[in-house]
Amino acid sequence: MPYLRVALDVPLPRLFDYWLDSATPADIGRRVVVPFGSRRLVGVVLAILAEPEYEASAIKPAEAVLDDMPALPAPVLGLFQFCADYYQHPLGQVVHTALPTRFRDPNPYRVAEALRYHALDSVALQAQVPKRAALQQRLAQLLATPRSEAELRAAGGTAWKTVQAWLQDGRVRAEQLQPGASVAAPGPALNIEQAEAVQAISAAQGFAAFLLHGITGSGKTEVYLNAIAAVLARGEQALVLVPEINLTPQLEARFLRRFPGVDIVSLNSAVADGERAAGWVRAARGEASIVLGTRLAVFTPVPRLGLVVVDEEHDASFKQQDGLRYSARDVAVYRARQAGVPIVLGSATPALESWQNAEAGRYRHLRLSQRAVVGAQPPQWRLLSTKRQPLQDGLHARTLAALGERLARGEQALVFLNRRGYAPVMHCGECGWMAACTRCSARLTVHLRERTLRCHHCGDEAPLPRVCPGCGNQDMKPLGQGTQRLEDTLAERFPGARILRIDRDSTRRKGSFEAALQAVHAGEVDILIGTQMLAKGHDFPNLTLVAVVGADSGLYSADFRASERLYAQLAQVAGRAGRADKPGEVILQTDFPEHPLYQALLDDDYAAFAATELAERKLAGFPPFLHQAVLRAEADRLDDALAWLRQAALLAPLSEAVTVWDPVAAGMMRLANRERAQLLVQSTARSRLLAFLAEWMVALRAQKAGKVRWSLDVDPLEL
DNA sequence: AGCACGCCGACT
DNA sequence: GTCGGCGTGCTC
């Protein structure tokens, strides 16, 4: 059977045939180097054929099948095919996005061995190392028992360099990893709800999807850890997906502590290419027991898969926004079903898609309504109406008073404003001129410190004008509140307070975010000002007040998902307030204190919010009650993009089950000098929509695009 | 997507 | 006379 069917990283919805005398079925799933036009490419063998489908005389010989990577097993290849079909993406490109980048290189990959390191004599080593070298002392201690590279690296700083040096002089030895059942270190006792959740997950026979809805602080992670422990005890592997945030190191450390000596593979953008490939290989060989990674990790071969976990399953970072626009959460569900294993989707504020799946009985609802730490109180919400109240620099008198109280008590406070910069608008009171980006349809944000106007969409920058470009007026005013302005305001109001702003601007330098968190933990900060970045997961024991400013913009947005995102964000940031011994308070300044979203937050009643929201969506005909896909087009001129989409609409196959809307300019019509338009199609029947899209794509690909760039987004998160 | 081939304008 | 502009067409 001398022919190979090869997946190549080219935007063509087909595979390519090559011949190779030595081809055997064992080559399926392996890397192969082939000539392609004038290039040399790396492909993946998807099938072995006796006869090619392509014209035999035109077939070129493959250069070599590489056996430096474990062959992709059939289920993973099936997963790729599913993604290609579902997201209407060329199979070859699916395969290549799913593979660690290191494997796109035609040079053979040298497989790193999975090693464990331990000191020949830990006590002696501790004695040899200088007492003050805390890191080395700690390493010497750790090395008393065999440790993985990841565990040692987690010790921080130059840990790995030190271990390598000890390896060189023979004080530390490396040995081959012995895969096998492991024992988890004891964790805290579970409360009844947690125990029941773990029990339900562990008792699942075959595929079962669980929606683990647990309020902030209810100990979802403990449920994962216990369910995973049961999986590892059976000698199976666990796949854990986490959002793309700077929180992964903490979670990783927690896993390492709980499962000492277990090979835990980390797959995220902070992990270097080589290490990622090495971890991927260990997972694929079944040596690593836990794969902990961001959305890309969903494609990792895991031969003895026993459980899939998607933490913070509502998080938007599970959806890739370019190329293969997949939802790792949805792919994970498919994968669990395919492997016949349980999957746990965990969140304090589940995606309404998941919530509806639970309501419909497709997922099993597990609820954690208690705080895991005994005695811990939920934060106390206070809605401050800003309707008639005169604000002082954007702050309510009672907000200022609450901040003052915290300062007096020596406790920390967080002011949450999800808008960086000094002010969102530069405005001329005389002629009404506003600073707008020349390349995008967006306002420019005032950055007073740098004396610039910046576009937060394309990154373009202009000097701050002294006089109005419209009328020459010298009295230009920054309008509205940004974190920088808030910082100035608070510094003025609380002269003695130590104020720290944490946003993308203040943490641009590498390591500065970590340094800032460190400062907060060390008690060097009284008032924190933060955006989005700070909302997630970081616990500050001495933080007892969260004041939310400017949240109302999410209430009446054109985007039907805005309120869902707002709820999630506010619930998350509220979770930053208070610890076991210190009850937290959350203040929210709003023009709409009676709004049901805020009322639901007040009662910590996500179920009520979800019910109202879903009822509205059902009435309005929005997901999850129907399924959508968006065809996007961009060109130098809006007319070209719209014209292409109109043509595309004409090519749409006739289908009673599918509605094709008129092309419209995109919400952000102009971005980085490109004009964007889109066309929405939707259907209540997912399978009908899929069939429609498949047929449509054939016609669209045959259509010449000219200067128009287009893409299809199935299950879009943003329209 | 690359990359080659191809046919028309200002340079050593 | 050639270098190079990017239109269009193909890749097993």
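Heavy atoms only: backbone and side chains are in, while hydrogens, waters and symmetry mates are out. Letters go in sequence order (proteins before strands), and every chain restarts at 1.
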Which of A/Val309, A/Leu241, A/Val310 passes side-chain contact (heavy atoms from CB on, under 4.5 Å) with A/Ile343? Answer is A/Val310
Given the options A/Arg282, A/Glu275, A/Gln237, A/Arg276, A/Val265 meets side-chain contact (heavy atoms from CB on, under 4.5 Å) only with A/Arg282
Indicate, with a heavy-atom threshold strictly under 4.0 Å, whether A/Leu8 touches base, sugar-phosphate, or nothing. nothing
*Determine the contact category for A/Arg5: base if any of its heavy atoms lies under 4.0 Å from a base atom, sugar-phosphate if only primed atoms, P, OP1 or OP2 are that close, otherwise nothing.*
nothing
Contact span of DNA chain C against chain A, any nucleotide atom under 4.0 Å from a heavy atom, 5' to 3', runs C/dT11 to C/dC12
*Decide, yes or no, whether a salt bridge links A/Asp640 with A/Arg637 under the criterion of side-chain N to carboxylate O below 4.0 Å.*
yes
Less than 3.5 Å apart, any donor N or O on the side chain of A/Glu252 or A/Ser266 sitting next to an acceptor on the other? yes
Exercise. Are A/Ser557 and A/Asp559 close enough that a side-chain donor and a side-chain acceptor fall under 3.5 Å?
Worked result: no
A/Asp9 atom CG is separated from B/dG2 atom C1', nearest whole Å, by 11 Å
When A/Phe299, A/Phe318, A/Phe82, A/Phe80 are each screened for ring-ring contact (aromatic ring centres under 6.0 Å, His included) with A/Tyr326, the one that passes is A/Phe299
Distances under 3.5 Å only, N/O to N/O: pair up the protein atoms with those of nucleotides 3-7 of chain B.
residue : atom : partner : partner atom : Å
B/dC3   : O3'  : A/Ser38 : OG           : 3.1

Sorted by chain and residue number, the side-chain hydrogen bond (donor to acceptor under 3.5 Å, both in side chains) partners of A/Gln647 (sequence neighbours excluded) come out as none
Residues passing the side-chain hydrogen bond (donor to acceptor under 3.5 Å, both in side chains) test with A/Ser347, sequence neighbours excluded, are A/His314
Sorted by number, residues from residues 27-37 of chain A placing a heavy atom under 4.0 Å from DNA chain B are none
Working for side chain to side chain contact (heavy atoms under 4.5 Å, CB included), residues A/Arg686 and A/Asp715:
CA-CA 10 Å; A/Arg686 174 162 275 170; A/Asp715 301 335; 3.6 Å; yes
For A/Leu41, the side-chain contact (heavy atoms from CB on, under 4.5 Å) test, sequence neighbours excluded, returns A/Leu8, A/Val10, A/Phe36, A/Arg39
